[in-house]
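Okay, structure first, notes after.
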Amino acid sequence: MAEAADFQGTSASPARRWLRRTGALLAGAPLLTGLLQLPAATPADAARQESPQASSGAGSVSVAVDSLSPSTPTEGDTVTVTGTVTNNGKQPVTDAHVDLRVGPSLDTRSSIDALAKKSDDVQGPAGEAVGGKYTEKFSKLIPGVAEPFNISVPVDELDLGQDGVYQLAVALSGETAAQPWDQVLGVQRTFLPWQPEEARAKTKTTFLWPLVSDVHMTAETGSNEQQTPVFDNDDLAEEISPGGRLEQMVSLGKGLDVTWVIDPDLLASVDAMTKNYQVRDEDGTTTSGRNQAVAKQWLSELQQAVAGKEVVALPFGDPDLASLAHHGTTVTGSLSHLKEATDAVDNTVQTILHVKPSTDFAWPVDGAVDPSIMKVATSAGADKVIARSDSLQDNLSYTPSAARPIGGGTMAVVADSRMSTAFQGNLTKASASTLAVQRFLAQSLTLGLQTGKQRSVVVAPQRTPSVNQAQAMAEALGALQGGNWSESQDLTAAAKAKPDPAANRKVPPASVYPSSLRKQELPRAAFGQIARTQGKLDNFKVILTDQSRVVTPFGRAMNREMSTSWRGRGVAAAGYRGDVEKYLNGLIDGVKLIKKTETKLSGRSATIPVTVQNNLVQGVKNLELRLTSQNPTRLKIGGDAYGEQPVAVNGGHSQSVKFTTSANANGRAEVVAQLYTEDGQKYGEAVTFDVKVTEVTATVMLVIGGGVLLLVLAGFRMYTQRKRAAAREAAEDATTEAEDDVDSPVGAAQKPEAPGDRLKEESEAGSRADAPQQPSDPAPDTAPESADPSGAGERVDR
């Protein structure tokens with residue numbers, strides 16, 4: 001035994017196990033010799049011997065391993081395995097028993113993958129049964145009924161040898177009426193990492209812990225001073241509520257040594273929920289959100305979780321770098337959105353979490369890269385790209401460290417594909433989760449034993465793990481950080497680690513980019529629509545007195561339109577882009593010209609009013625209103641074919657702008673009113689209306705003048721005739737009065753009224769009656785908020 005203990009790489013306990021196995025082999029040698037001398041087996045016996053593995057694949061009894069504790073046992077531990085066995089056959093299974101079987105160590109990472117693919121294959125070797133009292137028996141297994149089992153075995157009884165990963169199988173054996181002999185009817189294999197002592201060169205492991213969600217906020221905000229945000233739905237509240245996906249990510253991650261990778265849009269959305277917010281219902285109406293307390297609690301827990309930890313911030317909205325590289329670069333302005341999304345990080349993450357994030361890293365979907373993705377990923381300032389080893393592949397017998405320079409000052413940080421994909425798929429069942437955890441740990445240990453040299457490994461799981469996936473990740477990472485072969489390291493340190501000179505540094509060509517990922521990308525039309533929306537926004541913002549109320553929410557909405565979360569949801573992505581553009585069109589239409597009907601113009605000159613209405617909350621400026629005559633030979637605007645006037649209208653008001661016109665001929669003249677921005681771009685729709693010119697000509701004026709002259713002459717003649725008649729009458733009256741005075745007894749003489757006085761009074765009275773009245777002040781402009789068109793046949797001011 002002392003000699004055995006001195007074997008290289010063998011401790012005292014493995015030495016005892018080696019001696020025990022050797023003794024068993026020697027003791028069985030005579031028995032083996034006797035068996036070799038027996039006559040050949042009959043066909044029936046042969047069939048009986050082959051029956052347990054007569055067919056490949058799962059057996060008639062399914063075995064589920066729900067837990068294995070501890071996941072990484074050491075000397076003195078007791079391994080406990082729990083689960084269920086279910087008879088899926090049509091006949092009962094009698095004399096059934098479950099036992100643990102330990103197979104040989106798995107020396108390569110590919111052998112672990114191969115075993116995982118046939119973990120329930122009853123035809124493959126299952127290893128040597130521990131047996132004895134470490135077996136759980138069932139008298140009968142009824143078809144369709146699941147029976148639990150619980151087996152605990154001291155690790156010394158497992159006969160584990162040197163450090164490595166061992167196959168651990170849970171096998172169900174029994175008999176059926178059709179096959180009345182003991183046989184393996186079901187098996188489930190898993191992995192048992194064995195590293196009882198501290199490794200001399202521990203693997204430095206970086207685990208990314210992503211906080212990313214779908215797009216929830218719209219571009220729409222309330223008209224109040226706070227600009228109350230509007231959410232498409234209240235799904236985010238479910239994710240951050242107790243038991244929700246994001247709540248679990250924070251709760252589980254705060255106890256682990258991880259690098260937090262966060263989308264600032266998620267933080268901005270939750271922060272918006274801490275105040276008043278609106279949620280859009282299915283019928284298009286909005287209701288007040290009620291999850292302020294939940295949002296505040298989640299942010300508070302996240303602030304505590306990331307305190308003192310490394311935080312890597314993605315660009316705002318987590319833009320899809322591959323879609324942008326493959327379809328967006330040909331659309332003008334697309335890359336500028338990536339730069340804006342990167343610039344928005346500091347004002348979001350640091351303000352909300354009170355930590356300064358790293359913005360040096362770009363993370364393409366699934367770490368798949370090609371030259372164009374690398375170029376786009378580093379265009380906004382990042383100089384490190386998180387790739388994956390199944391994209392940037394190495395032709396080595398071992399796994400190199402993650403960091404490797406690829407030229408141009410760019411560092412690729414290559415995540416291990418096997419460990420990064422270990423928690424994908426459906427892990428709702430405990431058995432699936434347990435297998436994922438043990439496989440992850442097995443890959444990690446095997447990687448560390450490859451060279452005996454310390455290496456840096458990065459694990460980049462899926463962006464949005466489910467609750468079950470997150471729980472499995474946390475369980476595996478907790479076991480890894482409590483093991484003897486790995487130590488934690490943040491992402492920045494992994495990127496600074498010494499690169500392996502033998503590692504591949506050549507970025508794969510675009511031709512090998514996975515077609516499955518390419519099919520999920522945003523199309524070029526999506527970036528075209530984003531560019532169209534941006535153009536409208538640029539034309540709109542120049543007229544606003546407070547641009548930030550519009551530029552900021554729409555800028556962030558366009559960042560969200562490029563989000564990685566739209567992959568595989570093309571219809572939803574198109575709907576979101578359409579809603580953003582539609583809402584912007586509605587705001588633009590809030591500043592417009594009021595339609596006019598036909599206008600009548602009598603005389604050589606007049607003024608034509610055109611009304612500009614502003615239905616926005618804020619005022620508008622930097623606008624010019626141009627009124628153009630389509631027939632300037634008949635009607636001129638301000639002495640020319642068109643006239644222009646500046647426009648500024650307060651929020652919620654309208655303003656009438658008057659243009660002086662001059663007519664040269666009778667008839668209709670078409671007039672076009674159009675708003676322009678100060679840089680000469682058309683704004684809104686034009687308003688076209690007709691002006692009917694009824695100019696008074698010179699001949700008509702002569703006729704009117706002649707008529708007036710005749711009236712004056714006639715009046716003068718009548719006046720002369722009346723004056724002569726009055727004089728004659730006065731003379732006659734004088735003669736009569738003289739005669740009367742001679743005969744009067746009193747002899748008092750009265751002064752007679754002069755005939756001319758009466759005519760003068762009558763003339764003055766007539767003159768007062770015929771005098772023309774003075775024109776009143778012109779009527780006020782169109783009332784505020786009036787959107788009604790002007791009246792038919794309106795007359796303009798002269």
Side-chain angles (χ1 to χ4, degrees), residues 213-240 264-296 298-299 316-317 340-341 344 347-348 351-352 530 533-534 536-561 563 572 575-592 613-621 649-654 684 784-785 787:
S213 185
D214 293 339
V215 173
H216 299 284
M217 289 185 68
T218 69
E220 185 175 351
T221 60
S223 59
N224 53 357
E225 186 68 24
Q226 294 76 23
Q227 287 190 267
T228 302
V230 178
F231 285 69
D232 259 337
N233 49 59
D234 217 10
D235 294 348
L236 184 56
E238 297 180 7
E239 288 194 280
I240 63 176
D265 179 35
L266 172 61
L267 299 182
S269 299
V270 178
D271 184 62
M273 291 175 61
T274 62
K275 312 172 187 68
N276 292 331
Y277 71 99
Q278 296 285 315
V279 179
R280 189 174 303 285
D281 298 326
E282 294 182 358
D283 59 359
T285 60
T286 59
T287 56
S288 297
R290 302 177 180 177
N291 293 285
Q292 287 83 357
V294 171
K296 291 178 182 178
W298 187 83
L299 282 181
F316 192 98
E340 293 168 359
N347 293 334
T348 307
T351 302
I352 297 175
I530 295 172
T533 302
Q534 181 65 58
K536 293 180 179 180
L537 179 62
D538 292 340
N539 198 34
F540 179 48
K541 68 181 182 181
V542 298
I543 74 168
L544 302 176
T545 55
D546 186 0
Q547 295 185 4
S548 63
R549 288 183 63 91
V550 173
V551 173
T552 300
F554 276 99
R556 299 292 78 81
M558 283 184 280
N559 292 144
R560 297 181 184 108
E561 290 177 349
S563 174
Y576 184 84
R577 294 193 303 271
D579 289 342
V580 171
E581 186 174 15
K582 181 180 178 181
Y583 179 58
L584 179 57
N585 290 338
L587 292 180
I588 293 173
D589 193 50
V591 180
K592 59 184 177 181
Q613 187 178 49
N614 177 16
N615 290 326
L616 303 178
V617 176
Q618 61 174 298
V620 295
K621 58 180 181 178
V649 188
N650 292 331
H653 288 76
S654 59
E785 304 285 351

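Position 1 is the first residue of the sequence, and the numbers go up from there. Only this structure's heavy atoms are used, side chains among them; waters, hydrogens and symmetry mates stay out.
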Backbone N or O of [Y] within a donor-acceptor pair of the [X] side chain at under 3.5 Å?
X	Y	answer
Asp281	Asp283	no
Thr545	Gln618	no
Thr348	Ala344	yes
Asn614	Val649	yes
Thr274	Ala295	no

By salt bridge (Lys or Arg N to Asp or Glu O under 4.0 Å), which residues pair with [X], not counting sequence neighbours?
X	result
Asp271	Lys275
Glu561	none
Arg560	Asp265

Which distance, rounded to the nearest 0.5 Å, do you find between the [atom1] of [X] and the [atom2] of [Y]?
X	Y	atom1	atom2	result
Phe554	Lys541	CZ	NZ	13.0 Å
Arg556	Glu340	CZ	CD	6.5 Å
Thr228	Glu225	OG1	CD	10.5 Å
Asp589	Asn585	CG	CG	8.5 Å
Asn559	Ile530	CG	CD1	9.0 Å
Asp235	Ile240	CG	CD1	11.5 Å

Verdict with supporting geometry, Phe540 and Leu584, side chain to side chain contact (heavy atoms under 4.5 Å, CB included): CA-CA 9 Å; Phe540 179 48; Leu584 179 57; 4.0 Å; yes

Side-chain heavy-atom pair Asn276, Asn224 within 4.5 angstrom cut-off: no

Note, Tyr576 side chain near Val215 side chain (heavy atom, < 4.5 Å): yes

Where is the tightest heavy-atom contact between [X] and [Y], given as atom of each residue plus distance?
X	Y	value
Ala557	Ala219	CB-CB, 3.6 Å
Val294	Ala237	CG1-O, 4.3 Å
Val230	Thr218	O-OG1, 2.8 Å
Asp214	His216	O-CD2, 3.0 Å
Leu236	Met273	CD2-SD, 3.7 Å
Ser654	Gln613	CB-CA, 3.9 Å

Parallel, tilted or perpendicular: rings of Tyr277 and Phe231 (30°, 60°): perpendicular

Polar side chain donor-acceptor pair, Gln278 to Thr287, under 3.5 angstrom: no

